Amino acid sequence: MPSVADILIPLALDSAYSYAVPARLTLAVGDVVQIPLGPRETVGVVWGVRESPSGSNLRPVTGRIEVPPLAGPLRELVDWLARYTLAPKGSALAMALRLPDEAAQGETVRIGVRASGKAPARPTAARLKVLSVAADGTLRGKSALAKEAGVSLSVVDGLIDDGALEALALAPEPVALPPDPDHARVPLSEAQAQAVRDLIALMYPVPAGGAALSLADGLGSPHLPGEGQGEVCEISGEAPHLTPTLSVQEREAVAVPEAQGKLAVGAGDGRPRAPTILLEGVTGSGKTEVYFEAVADCVRRGRQALILMPEIALTAQFLDRFAERFGVRPATWHSGIGGKRRERIRAGVAAGEIAVVVGARSALFLPFTELGLIVVDEEHEAAYKQEDGVHYHARDMAVVRGRIENCPVVLASATPSLETRVNAERGRYRHIVLPERFGGRRLPDIKALDMRSDKPERGSFLAPVLVTAVRETLAEGNQALLFLNRRGYAPLTLCRACGHRYQCRNCSTWLVEHRFRKALVCHQCGYAERRPEACTECGTFDNLTPCGPGVERIAEEVTALFPDKRIIVLSSDFPGGAERLRAELQTVAEGGCDIVIGTQLVAKGHNFPHLTLVGVLDADIGLTSGDPRAAERTFQLLQQVTGRAGRGEKPGRALLQTYQPDHPVIAALLSGDAERFYEEEIAAREAAGLPPFGRLAALIVSATDRAVAEAHGQALARAAEPPEGVMVLGPAEAPLALVRGRYRFRLLVKTERAIDLQSYLRDWIARGPKVRGNVKVAIDVDPQSFL
DNA sequence: AGCACGCCGACT
DNA sequence: GTCGGCGTGCTC
């Protein structure tokens, strides 16, 4: 019988296509192959091989591509990702199969040279210098040799032509040297050392000789209910991860869908299941040093470690710290790594030669063969969310990959996300806490400035108490940071004559004045116009008035107050781009500045050892945005910002300007009682009928005609019939928006239950009214956020 | 992702 | 009359 291969193609296709396997080929699952698709040739991955009589009607596989096949765990991750995110399988595959693109192939073979032993025909002074350096007979790069000898490259070239030096192709520079887990032991505090011991003990649970593990033993069902969606429902009718009374064996039984057979998540080999561990440490507690020890331990065991970072751009400092501890810089991975290098890292990872990778979210799909640990640094960061194409949250996918590979996952954060906190509380994740700062340093003392009683003067935005604090700080030779999460000069501009407010023509937001650029800019869509001299509405000349402060306006006020101090404004639109911004951050860290005025960009990344005062100019921003995560986000941001103070020798303090000092978020910051905040926030969400976390999927209804979109959406909403435990929010909660010329809104579906969302949504569409005219209904999913 | 098909606006 | 815009649909 002819052999047929089911091949998944990295395109937005939901299922594998079947091809005939020619007799000359033997294909195995996971092989990367070339196949005809329509008029062209593409690559794909063998997802299944079977015998079938109909094989002869199919187009044949062109051939196998000589790259390492996609291993089972990675294929399983692809399947899982597609299923959970409602993305086409092919799109999920594309994440794991970024082959080097042809254009980037520009392979530069480096040339190495060494002395051939022949004397040069014309021994000039320059040539002799080169030869004396090369006399040791070692192979060097051409430019390295020229530099060492202090001559130009042309002298070396001349000697090659002459035959006195021989040129050889140089093996490409290694992508990463092996890290040495015992290179330099950084001194740890007792709290850190204890955390390291706990962490390593948890990472490798002792096989319990067949005894059942207790729930708390890090069964770490990722809180994602996607495993065995549908199938699970049929078996139990209830989400397995919400029933903490199940034994391990029972959980295994329900959590592993039959259809996936031996590709079961977790340890099928008798090893205890590796846990997910939340490593929570206050700012400045030295979490990095703690998980570095876990990485070292992993490397000593001959296994690979992956450290995920939210933004690779901020990690130069991090890589140096890594090098201090391990002697070399680790391999790094992010979307900017291209072509040849990309392929070499992939190959090195696949061969097990690269022991540690530090990377952005896409590093999750590298073909590790011996993965022993995944660390997700700053796990609460929103940058872990992929919002385009396949929607996924890298932290959650890390947990999933950890389960598939049965390796521990460490989630590190000073301000964990609510869902991770909940998982830790419910025993799905283990929890290690570092409650104190490293080196006996104290957390900054945080006080509120009640703006109702402590009013700034008219036209001013700094409360007198804050100004005094800045003055004191500078007098002591320290730095102050004024934090305001608003770029530009003023968030709103209006005409004093006619009252006209300048609004974006695409969005419904106010245009932000940027005095530096002399422009009005929309922070939503990027639309910008020149700041008019006269009102565009009534024509009155020179009568526009800025309302509210942005960092530029604060800088104006601070400059007037402290004319002889060095002041810098740091925001993401910093003139000169990321490069100069990095340089400026360095300057600030070295103390080359007295007052920093910054947006959220200053909340993370660089350490400022001279900073002892943080003034938050508007602690209430973001508390009223309507985003269900507003409180959580604000708490995290302000905790991070205020935590910048007192990281050096001297203790720090923070002052929060607020109109609502009794707001739970502000109160939690003042008391330092994060615990209470998390509890209250979880309770508040439950009271509002929102799960503390969960999956959010949507039907997106869109049409060019507003009324048509609305009518169809209403009809669909009526047809919803959500199953038990699923919440459907109609158009009222997800307002109509104009996106690229189409009116669209989402019918939101929220659930924490393990149901087959995809089937439910498809079924819902089928039950709903027939689509007439220019209306489209699409399925979308956002596993984590509400907006 | 490509590449074709197809249905409405301005042009040698 | 056609050239070409990009919306829609298909590729085993």
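To find a chain, count down the sequence lines: A is the first, B the second, and so on, and within it residues start at 1. Everything numeric in this text was worked out from a predicted model, so none of it was measured.
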Rounded off to whole Å, could you give me the CD1-to-P distance for the A:I35 and B:dA1 pair?
16 Å

Rounded to the nearest Å, what distance is computed from the CG atom of residue A:D14 to the P atom of nucleotide B:dA1?
15 Å

Using 30° and 60° as the class boundaries, would you call the ring planes of A:H500 and A:Y502 parallel, tilted or perpendicular?
perpendicular

Charged N-O contact under 4.0 Å between A:R346 and A:E343:
yes

Could you tell me the separation between the CD atom of A:Q34 and the P atom of B:dA1, rounded to a whole number of Å?
20 Å

Charged N-O contact under 4.0 Å between A:R395 and A:E419
yes

Taking the side chain of A:L11 as its heavy atoms from C-beta onward, which of C:dT11, B:dC3, B:dA1 lies nearest to it?
B:dA1

Protein-nucleotide distance (A:E41, atom CD; B:dC3, atom P), rounded to Å
13 Å

For the pair made of CG in A:L13 and C1' in C:dG9, what is the distance, rounded to whole Å?
12 Å

Measuring from the side chain of A:R40 (C-beta onward, heavy atoms only), which nucleotide among C:dC12, B:dC3, B:dA1 has the closest atom?
B:dA1

Rounded distance (Å) that lies between atom P of B:dA1 and atom CG of A:L97:
14 Å

Using a cut-off of 4.0 Å on non-hydrogen atoms, how would the nucleic acid contact of A:P10 be classed: base, sugar-phosphate, or nothing?
nothing

Spacing of A:K89 atom NZ relative to B:dA1 atom P, expressed in whole Å:
19 Å

Spacing between A:L37 atom CG and B:dA1 atom C1', to the nearest angstrom:
9 Å

A:D79 with A:R75: basic N within carboxylate O range, under 4.0 Å:
no

